[in-house]
Amino acid sequence: MNMDFLNNINWERWSAPALSGVRIVFIMIAAWIAIAVLQRGVRTVRTRIEGHMGGEDGARRAQTLGRVVRYLIGVVISAVAIMLVLAEVGVSLAPILGAAGVVGVAIGFGAQSLVKDYFTGFFILFEDQIRTGDVVKIADIGGFVEDVTLRHVRLRDYDGNVHFIPNGLISTVTNMTRSFAHAVMDVGVSYRENVDEVMAIMAEVGAQLRADPAFASKIMDDMEMAGVDRLDDSAVVLRCRIKTAPLQQWGVRREYLRRIKAAFDARGVEIPFPHVTFYAGVNKDGSAPSLPLRMPRELAELVQDKQPA
């Protein structure tokens with residue numbers, strides 16, 4: 001009975017769909033294997049490039065480019081596999097490709113900002129303007145770069161907020177962590193202080209900071225003393241800077257200011273604060289009149305009661 005059922009099957013009728021199904025499965029498996037192999041190859045190449053380039057900057061650049069290349073591999077191979085599967089099920093690709101071209105032009109006009117994002121993202125990556133791990137300021141937003149794609153840049157600011165910035169909005173990139181940085185300090189002292197002595201104290205504190213083992217690896221050169229930068233209303237402002245490794249300028253600056261405050265307190269150097277001087281005027285004969293002061297009656301009575309009998 002079973003043999004009669006098998007003999008009555010039209011194998012020619014079922015052979016074509018079966019072979020098509022086998023080919024579809026083969027295409028999907030081949031696409032999956034190709035994506036896995038190529039992405040693994042990209043990781044291997046990225047690791048070797050990191051070893052040859054050396055340094056943290058090279059490693060971050062290789063990681064950023066490697067992630068983008070893996071994404072493109074997955075998109076391209078998946079698109080090719082989908083077209084091959086459609087061809088196997090009898091869908092003609094010529095009308096689809098033609099329609100896709102027309103639709104692509106329409107989308108290009110209607111989604112110009114999206115196209116601009118991808119073009120700008122490509123040149124940002126190609127020119128190595130931003131890498132994962134950098135601290136940058138773009139589109140008036142500053143923060144730590146967590147991810148860079150062809151579509152957007154993901155930043156996390158100091159408060160922990162995450163910002164997704166489309167690449168099309170990026171016109172200027174301020175990268176604060178490329179190769180080295182400068183910790184710039186503006187220190188204000190009173191007008192009565194000797195500027196040369198104060199600059200000697202600042203240079204001494206800078207040398208002590210660089211000699212500290214906790215900061216020796218973060219500071220790349222001796223402190224550079226620029227000198228008097230401004231004459232403000234109540235302070236003489238002295239400017240200096242310290243060359244630091246990337247991402248270390250803020251910590252070095254905070255530690256230097258902490259130490260300079262302690263050094264000024266120990267040496268008696270005044271750090272001025274805003275204050276007001278009252279001027280009562282001068283008479284024609286050159287004498288200065290007394291400055292009239294008025295004390296509230298309650299306060300005057302309290303002071304009088306506390307006077308010794």
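These numbers come from a predicted model, not from an experiment.
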4.5 Å side-chain heavy-atom contact, Leu155 and Val145: yes

Side chain to side chain, Phe122 and Asn167, heavy atoms closer than 4.5 Å: no

Row check, Phe119 ring normal vs Lys116 NZ/CZ: under 6.0 Å, within 45°: no

Charged N-O contact under 4.0 Å between Glu270 and Arg192: yes

Verify same cluster id: Val198, Leu231 (apolar side-chain graph, 4.5 Å): yes

Side-chain donor or acceptor of Gln249 paired with backbone N/O of Lys243 under 3.5 Å: no

Full working for salt bridge (Lys or Arg N to Asp or Glu O under 4.0 Å) between Asp186 and Arg241: CA-CA 9 Å; Asp186 291 333; Arg241 70 179 185 179; over 6 Å; no

Exceeds 12 heavy-atom contacts within 6.0 angstrom, atom CH2 of Trp32: no

Heavy-atom closest pair, residues Thr120 and Gly168: OG1-CA, 4.2 Å

Side-chain donor or acceptor of Arg253 paired with backbone N/O of Val184 under 3.5 Å: yes

Heavy-atom closest contact (Ser190 atom, Pro272 atom, distance): N-CD, 3.5 Å

4.5 Å side-chain heavy-atom contact, Tyr256 and Met223: yes

Intermediate values then yes/no, side-chain contact (heavy atoms from CB on, under 4.5 Å), Val153 and Phe164: CA-CA 6 Å; Val153 177; Phe164 293 87; over 6 Å; no

Side chain Asp157, main chain Asp159, donor-acceptor under 3.5 Å: yes

Interatomic spacing from CE in Met202 to SG in Cys240 - rounded to 0.5 Å: 3.5 Å

Donor-acceptor contact present, side-chain Asp117 to main-chain Pro166, <3.5 Å: no

Chi angles and distances behind the side-chain contact (heavy atoms from CB on, under 4.5 Å) call for Leu169, His152: CA-CA 9 Å; Leu169 298 179; His152 67 266; over 6 Å; no

Between CZ on residue Arg40 and CD1 on residue Ile35, distance to nearest 0.5 Å: 15.5 Å

Non-hydrogen side-chain atoms of Glu255 and Leu209 separated by less than 4.5 Å: yes

Test log, rule salt bridge (Lys or Arg N to Asp or Glu O under 4.0 Å), inputs Glu204 and Arg267: CA-CA 13 Å; Glu204 179 183 343; Arg267 308 286 182 88; 3.1 Å; yes

Stepwise salt bridge (Lys or Arg N to Asp or Glu O under 4.0 Å) check, Lys137 with Asp140: CA-CA 6 Å; Lys137 184 177 181 181; Asp140 293 330; 5.1 Å; no

Side chain Asn175, main chain Thr177, donor-acceptor under 3.5 Å: yes

Glu146 versus Thr132, closest heavy-atom pair with distance: O-CG2, 3.6 Å

Flag, side chain of Asp265 to backbone of Ala262, donor-acceptor distance under 3.5 Å: no

Flag if over 12 foreign heavy atoms under 6.0 Å of CG, Asp233: no

Side chain to side chain, Arg156 and His163, heavy atoms closer than 4.5 Å: no

Cluster link Phe215 to Leu247, ILVMFWY, side chain under 4.5 Å: no

Heavy-atom side-chain proximity of Val228 to Val236 below 4.5 angstrom: yes

Side-chain donor-acceptor pair present, Asp147, Thr149, cut-off under 3.5 Å: no

Interatomic distance, Asp221 atom CG to Ile242 atom CD1 [nearest 0.5 angstrom]: 10.5 Å

Which atom of Ser217 lies closest to which atom of Ala245, heavy atoms considered: O-CB, 4.4 Å

hydrophobic_cluster_shared for Met28 and Leu84, side chain cutoff 4.5 Å: yes

Expected output: side-chain Gln39 to main-chain Val37 donor-acceptor under 3.5 Å: no

Interatomic distance, Tyr191 atom OH to Asp232 atom CG [nearest 0.5 angstrom]: 6.5 Å

Derivation and outcome, side-chain contact (heavy atoms from CB on, under 4.5 Å), residues Thr172 and Ile138: CA-CA 6 Å; Thr172 302; Ile138 52 178; over 6 Å; no

Val135/Tyr158 under side-chain contact (heavy atoms from CB on, under 4.5 Å): CA gap, chis, key distance, verdict: CA-CA 10 Å; Val135 176; Tyr158 189 76; over 6 Å; no

Check: Val269 main-chain N/O paired with Glu193 side-chain donor or acceptor under 3.5 Å: no

Value rounded to 0.5 Å, distance of OG1 in Thr174 from CD in Gln129: 11.0 Å

Beyond-backbone contact of Asp229 with Leu238, side-chain heavy atoms, under 4.5 angstrom: no

Cluster link Ile260 to Met225, ILVMFWY, side chain under 4.5 Å: yes

Considering all heavy atoms, the nearest Ala139-Ile165 contact: CB-CG2, 4.0 Å

Any side-chain heavy-atom pair of His182 and Phe180 under 4.5 Å: yes

Rounded distance (nearest 0.5 Å) linking atom CZ of Arg210 with atom OG1 of Thr244: 12.0 Å

Connected via hydrophobic side-chain network under 4.5 Å: Met185 and Met176: no

